[in-house]
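Protein chains get the first letters and strands the later ones, always in sequence-line order, with residue 1 at the start of each.
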Number of protein chains: 4
Amino acid sequence: MGVQREPVRSDARRSRAALLEAAAAEFVTAGVDAPVRAIAARAGVGVGTVYRHFPTRPDLVVAVYRHQVEGCAAAARTCLDAGPTPFDALVAWVGEFVDLLVTKHGLVAMLVHDDGRSAALHELFLERLLPAGEGIVRAAQEAGQLPSDVTAYEVLRGIGNLCFGAEADSAYDARRAVGFFLAGLRVA
Amino acid sequence: MGVQREPVRSDARRSRAALLEAAAAEFVTAGVDAPVRAIAARAGVGVGTVYRHFPTRPDLVVAVYRHQVEGCAAAARTCLDAGPTPFDALVAWVGEFVDLLVTKHGLVAMLVHDDGRSAALHELFLERLLPAGEGIVRAAQEAGQLPSDVTAYEVLRGIGNLCFGAEADSAYDARRAVGFFLAGLRVA
Amino acid sequence: MGVQREPVRSDARRSRAALLEAAAAEFVTAGVDAPVRAIAARAGVGVGTVYRHFPTRPDLVVAVYRHQVEGCAAAARTCLDAGPTPFDALVAWVGEFVDLLVTKHGLVAMLVHDDGRSAALHELFLERLLPAGEGIVRAAQEAGQLPSDVTAYEVLRGIGNLCFGAEADSAYDARRAVGFFLAGLRVA
Amino acid sequence: MGVQREPVRSDARRSRAALLEAAAAEFVTAGVDAPVRAIAARAGVGVGTVYRHFPTRPDLVVAVYRHQVEGCAAAARTCLDAGPTPFDALVAWVGEFVDLLVTKHGLVAMLVHDDGRSAALHELFLERLLPAGEGIVRAAQEAGQLPSDVTAYEVLRGIGNLCFGAEADSAYDARRAVGFFLAGLRVA
DNA sequence: GATGAATGAGGATTCATTCAT
DNA sequence: AATGAATGAATCCTCATTCAT
């Protein structure tokens, strides 16, 4: 429950950092279901250490991505302040959101909650990114730039979906697709 | 390679039909990665029979969905003839395409070719649906209703992506999202 | 549920026989909790084969010992017919029972039902040996050679307990101990 | 080897006491094979502390039960003095012995020396309880109440065996069984 | 002395795939 | 052609024990 605490002992801190880095790398290669052994080996620790730090796989996945997710959520404020209009802010922030999703392979799984494994990730999404998106979406709606019945959830979900498998396919440009999607959402 | 032939012996024909039905049912329940054993059991045959008819999993997946895919591809012609404008035809045909994707759990894997397993499915997509989509997209471009630099591939891919995990999430309406996407694509 | 069926295919029959023998041998050496791997290796089969034939460990344990247990249960009739008095029959049959327990290392677990693992063994005991014992005990009670309030269960349980770890300890003679126990039970 | 000394530093004394209490509690719940971690956690100390105080598990088990064992051994003298006859003393003392075994889950392992883990416990038995039993048995033999060839070891071992798993099984009364055993030992 | 992080051996179990029957 | 037994790699997870802090 709540944010993972930074360990106090130096060896534990080192292990944890190595694990996060190794897991992030493995996730890119093999997805969030990468074998625990592979992660441990890459981090140069034993499997037991993985389990000590992250008792369940979702714990690890969440920890790996929390930083980036927090950063993205924080950017929403900046975008709102900077953009000439709320819709511009939305476009700018969605750019960050898309960057997050296409570079961090596996993060998109966060959005679809179909299997039980991604539940924790989904929760992270709901708790952090959704509120950020809601702020911008609401502003755009109040400015009359988005339909009033559109929810932040469906906007972010749609964008997230458009990012699936974007890296692997050079014939598909997720950012361009998201551009169309946003254009279709815009009022007037 | 190429279309699976219908077996000549009656018992083989029966096995094949039972397998297709069983696989379709299992795919709905457990996804396209459903254990071979489960499929064989549901079909009332041995696992060896599964491998005889469908040497690889994609062979089975393709066989299961080929019929519907063919039907969807054929609908393109009808839509083009019926729709007042090519864009209307596109909208109508995309409706069929979306129906196919959201009801046949696992068919979306057809679009992403990331892991080796979906190669055959992806091929099916490239061979059947893409040409169908290209016809409509080209027509819409010639009518000035779609940007000239848009490819049928990216359109179908985007739409396909928007359908991921749609069934499982009542807060997300894939058809609505696809509507925004198409609206964003429309010229004028 | 019920008796394990003999497989029809020759390779399966061979595997099953090899497994039963190997398991029996391993049980002697390492107890009924012997690693599945060790049993498989000794039988010259893969671990998967163990699981195919005996999905759970108790299934294997029961199968290993069922034969001997059946034999012992059957001996009750013979003893009753042979013995001059019911108590003599009891003594004779208990001799067989003790032989079974001290030679088949791990079979004593049959009596205690503390952990879930021995449930199946305990059931085997209740279904086969207990009825056999009850026949003799009842006869002895009717002949006035045993207290009327004694149950076959407590008699067999006591005897079984006395057999714990008998092999390993040369300073302790289970048969002698059982002799004292029976002597203490005898009336007059 | 030999008796564990009481530590001098106050914190060490506190740790040791907490560990003994925690271990006793865990042993009741989970048996003498309770995870070291669980014991340490209950005592509110680190696992390292467990190993410092009790290098091996038997060391801990012995320490936990030494008190009760000493008490039981001491009772032999009292019983001998009190009982009308040596056999009465034996019966009385065995009552204490049985109480010890059935209430202290896992202490029965003291009697069987099959695996290496219980070596220390077995030694405790040989050093403390066996001499106590020998005193009474010898007295009973001299009074002609026990066969002269019976050893205290086999008497205590038999009784100990009869106590296995007594708590868990309401259909089996260890004390009653021990009563039969003693009755069978009695001469005349 | 105390701590608890790290280790890694050990054991269980599943399932895709091959191949004897 | 059909069967399903056999295989064993792959993966998970636990826990006793050591050792750096």
Side-chain angles (χ1 to χ4, degrees), chain A residues 7-16 18-19 33-41 43-53 55-57, chain B residues 7-16 19 33-41 43-53 55-57 117, chain C residues 7-16 18-19 33-41 43-53 55-57, chain D residues 7-16 19 33-41 43-53 55-57 117:
Chain A
V8 282
R9 271 176 54 171
S10 65
D11 54 350
R13 260 205 314 280
R14 235 177 300 123
S15 290
R16 189 167 198 278
L19 274 172
D33 285 325
V36 175
R37 288 275 254 274
I39 296 169
V45 304
V47 288
T49 304
V50 182
Y51 285 99
R52 163 173 288 274
H53 286 279
T56 73
R57 180 178 295 274
Chain B
V8 282
R9 270 175 55 172
S10 66
D11 54 349
R13 263 207 312 283
R14 234 178 300 120
S15 291
R16 188 166 197 280
L19 274 171
D33 286 324
V36 175
R37 294 280 272 262
I39 297 168
V45 304
V47 286
T49 304
V50 181
Y51 283 94
R52 164 171 293 275
H53 285 282
T56 74
R57 180 179 295 271
R117 293 175 314 193
Chain C
V8 280
R9 270 176 54 172
S10 65
D11 54 351
R13 261 206 314 279
R14 236 178 299 124
S15 290
R16 190 167 197 279
L19 274 172
D33 286 325
V36 174
R37 289 273 256 273
I39 296 168
V45 304
V47 287
T49 304
V50 182
Y51 283 98
R52 163 174 289 275
H53 285 279
T56 74
R57 182 178 294 274
Chain D
V8 282
R9 271 176 54 171
S10 64
D11 55 349
R13 263 207 312 282
R14 234 178 301 122
S15 290
R16 190 167 196 279
L19 274 172
D33 285 326
V36 175
R37 295 280 272 264
I39 296 168
V45 305
V47 286
T49 304
V50 181
Y51 283 95
R52 166 170 291 274
H53 285 281
T56 74
R57 180 178 294 272
R117 291 176 317 194

Can you tell me the pairing partner of E/dA12 across any strand shown, Watson-Crick or G-U wobble, with both distances under 3.5 angstrom?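 Its partner is F/dT11.
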Under a 3.5 Å cut-off for both distances, is F/dT17 Watson-Crick or wobble paired, and to whom? E/dA6
Nearest-Å distance, [atom1] ([X]) to [atom2] ([N])?
| X | N | atom1 | atom2 | value |
| --- | --- | --- | --- | --- |
| C/R14 | F/dA6 | CZ | P | 9 Å |
| D/D33 | F/dT14 | CG | C1' | 14 Å |
| A/R37 | E/dG10 | CZ | P | 12 Å |

[N] phosphate, OP1 or OP2: any side-chain N/O from [X] under 4.0 angstrom?
| X | N | result |
| --- | --- | --- |
| D/R52 | E/dT3 | no |
| D/S15 | E/dA2 | yes |
| D/R57 | F/dA16 | yes |
| D/H53 | E/dA2 | yes |

Ignoring the backbone of D/V36, work out which of F/dT3, F/dA10, F/dT17 is nearest its side chain.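 Selected nucleotide (nearest to the side chain): F/dT17.
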When all nucleic acid strands are considered with a 4.0 Å heavy-atom cut-off, which category describes A/V47: base, sugar-phosphate, or nothing? base
Just by distance, do the side chain of A/T49 and the backbone of A/V45 share a donor-acceptor pair under 3.5 Å?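 Checking the backbone N and O of A/V45 against the side chain of A/T49, no donor-acceptor pair under 3.5 Å is found.
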Which residue lies more 5' along DNA chain E, comparing B/P35 with A/V50 via nearest heavy atoms: A/V50
